[in-house]
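All values derive from a computational prediction rather than experimental measurement.
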Amino acid sequence: MGVGYSSCNSLSLSLPTNTTLFLHKSKPTSRFNPTTTKIFQTHLQKPPKTMSQSSLPSSSSSLVTLKCGKVEEMETQESVTRPMCDVHGIAEELVKKMEYDALVWSSLHGLVVGDRTVQRSGTVPGVGMVHAPFALVPMSFPESHWRQACELAPIFNELVDRVSLDSKFLQDSLSRTKKVDAFTSRLLDIHSKMLDINKKEEIRLGLLRSDYMLDEQTKLLLQIEVNTISSSFPGLSCLVSELHRSLLTHYSEHLGLDSNRIPVNAAVSRFAEALSNAWTEYNNPRAVVMFVVQTEERNMYDQYWLSAVLKERHNVSTIRKTLAEIDVDGELLPDGTLLIGGQAVAVVYFRAGYAPNDYPSESEWRARLLMEQSSAIKCPSISYHLAGTKKIQQELAKPNVLESRFLEDKEDIAKLRKCFAGLWSLDESDIVRDAIQRPELYVMKPQREGGGNNIYGDDVRETLLRLQKGGSEEDAAYILMQRIFPAISPTFLMRDGICHKDHAISELGIYGAYLRNKEKVIMNDQCGYLMRTKISSSNEGGVAAGFAVLDSIYLT
């Protein structure tokens with residue numbers, strides 16, 4: 001497995017003559033003005049309904065399912081412009097060859113996850129492995145928007161750090177949410193305890209990911225969210241980029257695509273570099289980096305790639321512990337040193353602890369508090385965790401909040417506001433009224449991470465009406481967000497060894513690393529990317545949750 005990340009060590013990109021993979025065309029849809037939070041005009045058209053198998057008209061086009069050489073025909077629609085590299089026109093035998101080669105490559109290079117059908121696949125490494133879900137060909141993406149997203153990363157890194165330092169802003173913004181959301185309340189309680197003891201985090205580490213969609217009608221890159229805890233797939237996303245480079249190189253004569261148009265993805269090496277730099281700043285050569293993991297983790301190989309790079313390139317050792325194990329084995333020395341089974345911990349890297357299910361008992365909460373009280377560098381600290389909540393995202397989008405509290409550079413502020421989608425609290429009656437009338441234009445979000453939590457379509461109307469009828473403060477647990485409508489493109493999706501051709505949409509995540517020791521900023525960089533693609537009829541988009549596949553981008 002040691003060779004899998006060897007080529008993911010640079011952000012350099014060769015830019016030959018322009019080549020296009022997909023040309024998109026979508027029906028016109030109504031839009032918000034993303035640079036303001038005012039209600040949009042009522043005369044705008046409604047967007048097209050989300051595609052579903054039951055509503056697809058008959059057509060001469062077809063979805064092709066390839067399973068061990070067997071071809072199954074299913075009906076689809078012909079509402080999407082055919083790409084320059086015609087996915088519909090790729091010969092079936094060529095697809096079979098590419099599919100087979102991709103599966104072999106994935107197996108050889110560690111592009112794998114645990115197989116859900118195998119009982120021990122989430123607890124015992126090497127047992128029950130299957131290839132990670134991936135797209136067979138990369139998704140086209142405009143180079144200008146790619147560079148915009150990369151330029152935004154260090155600005156968001158700095159913003160998150162400054163927000164995390166403003167304890168009053170965090171506590172005040174989440175005060176109503178605390179009353180109705182038990183999970184957020186517990187996080188805020190830990191934050192309050194750290195304020196009470198005047199706990200200082202002199203060394204601050206953030207491994208972040210900012211997620212975007214490219215709105216088809218306005219051509220604006222709009223932010224979905226910033227992930228400040230457990231920003232997953234830095235390991236596997238690197239490999240998908242390399243897989244696509246390999247396929248485009250091998251089949252260049254048939255596809256006519258230039259593999260150099262796929263940006264080199266350095267996510268795993270840059271995240272490892274950030275963790276290593278933090279470990280160095282802690283200044284205890286005998287200490288380790290501790291990965292906080294879930295009891296059953298089928299995405300463990302993504303995490304193990306990071307551990308492997310840390311050890312092989314930086315000679316930094318890692319351990320893996322669940323929250324329950326930390327509660328049993330953890331000890332806090334008088335000087336603040338965190339010991340786990342007698343081993344000093346320099347950096348705590350959370351790949352768990354972001355959802356209520358990660359805290360089934362008081363044991364897990366005791367572990368979270370113990371780590372927060374320690375001198376170990378937390379990635380994220382409790383304040384960084386809170387800074388990534390949906391409610392804080394909505395508060396930051398309000399007029400003058402960035403200018404008055406967090407940022408001074410007018411150009412940076414303008415860049416951020418350009419990518420802000422419409423975001424509102426549920427105490428804005430005009431917006432709530434419109435969302436009830438036109439729920440298809442909104443997404444309703446709770447304060448949760450990990451995929452599968454958002455509310456869409458008619459469920460938005462029903463939930464809002466229920467909250468109004470209830471008359472409680474439960475509405476504080478949610479925000480409303482403008483729904484983004486990206487272009488729909490045909491592509492091939494690989495899952496469980498089966499290749500499906502379908503219409504899909506994509507979401508781009510840009511990784512960022514921020515490390516500061518007191519006033520000295522050691523690292524503030526863009527660190528690679530994650531492209532996720534899902535069938536256009538799916539609302540949710542998490543790979544681990546089973547909604548999407550890993551992808552890479554082809555610059556156009």
Fill in: Where Ser121 and Met300 come nearest, the two heavy atoms and their spacing
O-CE, 3.5 Å
Worksheet entry | Spatial distance of atom CE (Met98) from atom CG (Leu103) [nearest 0.5 Å] | 11.5 Å
Discussion item. Name the residue from Asp302, Val113, Leu236 that meets the side chain to side chain contact (heavy atoms under 4.5 Å, CB included) definition with Leu550.
Written reply: Leu236
Practice prompt. Apply the test salt bridge (Lys or Arg N to Asp or Glu O under 4.0 Å) to residues Lys321 and Asp329: give CA-CA distance (whole Å), side-chain angles for both, the deciding distance (0.1 Å), then the verdict.
Written response: CA-CA 9 Å; Lys321 294 291 180 180; Asp329 301 333; 3.7 Å; yes
Worksheet item: Any donor-acceptor pair under 3.5 Å linking the side chain of Ser536 with the backbone of Ala504?
Response: no
Worksheet item: Does the Glu325 side chain pair with the main chain of Thr322, one donor and one acceptor, at a distance under 3.5 Å?
Response: yes
Discussion item. Would Ser381 and Ser383 count as a side chain to side chain donor-acceptor pair (under 3.5 Å) here? Give the steps.
Written reply: CA-CA 5 Å; Ser381 64; Ser383 59; 3.1 Å; yes
Worksheet item: So Glu92 and Lys96, salt bridge (Lys or Arg N to Asp or Glu O under 4.0 Å) or not? Walk me through it.
Response: CA-CA 6 Å; Glu92 181 182 324; Lys96 288 181 181 179; 3.5 Å; yes
Item to complete: Please determine if Arg270 and Asp525 form a salt bridge, counting it only when a charged side-chain N lies under 4.0 Å from a carboxylate O.
Response: yes
Worksheet entry | Derivation of the side chain to side chain contact (heavy atoms under 4.5 Å, CB included) call for Val348 and Ile377 | CA-CA 6 Å; Val348 178; Ile377 303 166; over 6 Å; no
Item to complete: Return yes if some donor-acceptor pair links the side-chain N/O of Glu462 with the main-chain N/O of Leu464 below 3.5 Å, else return no.
Response: no
Discussion item. Do Cys499 and Leu136 make a side-chain contact, defined as non-hydrogen atoms from C-beta onward lying under 4.5 Å apart?
Written reply: yes
Fill in: Donor-acceptor contact below 3.5 Å, side chain Trp305 vs main chain Gly110
yes
Practice prompt. Find out whether Ile498 and His500 are in side-chain contact, i.e. whether some heavy atom of one side chain is under 4.5 Å from a heavy atom of the other.
Written response: yes
Discussion item. I want to check something: taking the side chain as every heavy atom from C-beta on, are Met371 and Ile326 in contact at a cut-off of under 4.5 Å?
Written reply: yes
Item to complete: Give a yes or no on whether the backbone of Ala272 and the side-chain of Ser276 come within a donor-acceptor separation of less than 3.5 Å.
Response: no
Discussion item. Would you compute the distance between atom CG of Leu208 and atom CZ of Phe156 and round it to the nearest 0.5 angstrom?
Written reply: 10.5 Å
Worksheet entry | Note: Arg204-Glu281 ion pair, threshold 4.0 Å (strictly below) | no
Discussion item. Before you tell me yes or no, could you show the steps for Glu225 and Lys390 under salt bridge (Lys or Arg N to Asp or Glu O under 4.0 Å), namely the whole-Å CA-CA distance, both residues' side-chain angles and the distance that decides it to 0.1 Å?
Written reply: CA-CA 7 Å; Glu225 63 183 356; Lys390 306 298 187 296; 3.1 Å; yes
Item to complete: Measure across Ala135 and His244 and return the closest heavy-atom pair with its distance rounded to 0.1 Å.
Response: O-NE2, 2.6 Å
Worksheet entry | Side-chain heavy-atom pair Gln447, Lys391 within 4.5 angstrom cut-off | yes
Worksheet item: Between Glu474 and Arg466, does at least one N-O distance fall below 4.0 Å, as a salt bridge requires?
Response: yes
Discussion item. Which heavy atom of Pro263 sits nearest to which heavy atom of Trp146, and what is that distance?
Written reply: CB-CZ2, 3.7 Å
Practice prompt. Measure the acute angle between the ring planes of Phe291 and Tyr349, then classify it against the limits of 30° and 60° as parallel, tilted or perpendicular.
Written response: perpendicular
Worksheet item: Would you say the side chain of Phe141 lies within less than 4.5 Å of the side chain of Met531, judging by non-hydrogen atoms?
Response: yes
Discussion item. Minimum heavy-atom separation for Asn265 and Tyr529, please, with both atom names.
Written reply: ND2-O, 2.7 Å
Worksheet item: So Lys501 and Thr491, side chain to side chain donor-acceptor pair (under 3.5 Å) or not? Walk me through it.
Response: CA-CA 6 Å; Lys501 184 164 69 173; Thr491 193; over 6 Å; no
Worksheet item: Between Ser361 (side chain) and Ser363 (backbone), is there a donor-acceptor pair under 3.5 Å?
Response: yes
Discussion item. Please determine whether the number of non-hydrogen atoms from other residues, nucleotides or ligands lying under 6.0 Å from atom CD of Gln343 exceeds 12.
Written reply: yes
Discussion item. Taking CZ in Arg120 as the centre, count heavy atoms belonging to other residues, nucleotides or ligands within less than 6.0 Å. Is the count above 12?
Written reply: no
Worksheet item: Which value, rounded to the nearest 0.5 Å, describes the distance between Asp551 atom CG and Leu493 atom CG?
Response: 8.5 Å
Worksheet item: Going from CG on Asp502 to CZ on Phe492, what distance comes out if it is rounded to the nearest 0.5 angstrom?
Response: 11.0 Å
Worksheet item: Distance-only, no hydrogens or angles: does the His250 side chain make a donor-acceptor pair with backbone N or O of Ser246 under 3.5 Å?
Response: no
Fill in: Where Ala287 and Val345 come nearest, the two heavy atoms and their spacing
CB-C, 4.2 Å
Worksheet item: Are Arg298 and Asp115 close enough for a salt bridge, meaning some N to O gap below 4.0 Å?
Response: no
Item to complete: Step by step, work out the side chain to side chain donor-acceptor pair (under 3.5 Å) result for Ser552 and Ser241.
Response: CA-CA 5 Å; Ser552 70; Ser241 298; 4.8 Å; no
Item to complete: Return yes if a side-chain donor-acceptor contact under 3.5 Å exists between Asn227 and Tyr354, otherwise no.
Response: no
Discussion item. Any heavy-atom pair between the side chains of Lys445 and Leu480 that's under 4.5 Å?
Written reply: no
Worksheet item: Is the backbone N or O of Ala308 less than 3.5 Å from a side-chain atom of Arg313, with the two atoms forming a donor-acceptor pair by type?
Response: no
Worksheet item: Within the side chain of Thr337, is there an N or O that forms a donor-acceptor pair under 3.5 Å with the backbone of Leu333?
Response: no
Worksheet item: Around Lys199, counting heavy atoms of other residues, nucleotides and ligands shown, do more than 12 lie under 6.0 Å from its NZ?
Response: yes
Worksheet entry | Salt-bridge present (Lys378, Glu201; N to O < 4.0 Å) | yes
Discussion item. To check you understand the geometry: which heavy-atom pair defines the closest contact between Arg245 and Thr249, and what is its length?
Written reply: O-OG1, 2.8 Å
Practice prompt. Please answer whether the main-chain N or O of Ala102 pairs with a side-chain N or O of Ser106 as donor and acceptor at a distance below 3.5 Å.
Written response: yes
Fill in: Cation over ring face, Arg366 and Tyr359, 6.0 Å, 45°
no
Item to complete: Could you walk me through whether Gln223 and Asp211 pass side chain to side chain donor-acceptor pair (under 3.5 Å), step by step?
Response: CA-CA 6 Å; Gln223 186 188 55; Asp211 294 336; over 6 Å; no
Worksheet entry | Of Val160, Leu386, Leu174, Thr177, the residue whose pairing with Ile392 passes side chain to side chain contact (heavy atoms under 4.5 Å, CB included) | Leu174
Item to complete: Using side chain to side chain contact (heavy atoms under 4.5 Å, CB included) as the criterion, point out the one residue from Val293, Thr228, Ile229, Asp358 that pairs with Phe350.
Response: Ile229
Worksheet item: Got Cys379 and Leu207 here, is their nearest side-chain heavy-atom distance under 4.5 Å?
Response: yes
Worksheet item: Going through the distances and angles, do Glu362 and Arg186 end up as a salt bridge (Lys or Arg N to Asp or Glu O under 4.0 Å)?
Response: CA-CA 11 Å; Glu362 286 301 310; Arg186 293 298 296 265; 3.0 Å; yes
Worksheet item: Parallel, tilted or perpendicular for Phe134 and His131, by the 30°/60° rule?
Response: perpendicular
Worksheet item: Which of parallel (below 30°), tilted (30 to 60°) and perpendicular (above 60°) describes Tyr511 and Phe271?
Response: perpendicular
Worksheet item: Would you say the side chain of Met444 lies within less than 4.5 Å of the side chain of Asn453, judging by non-hydrogen atoms?
Response: no
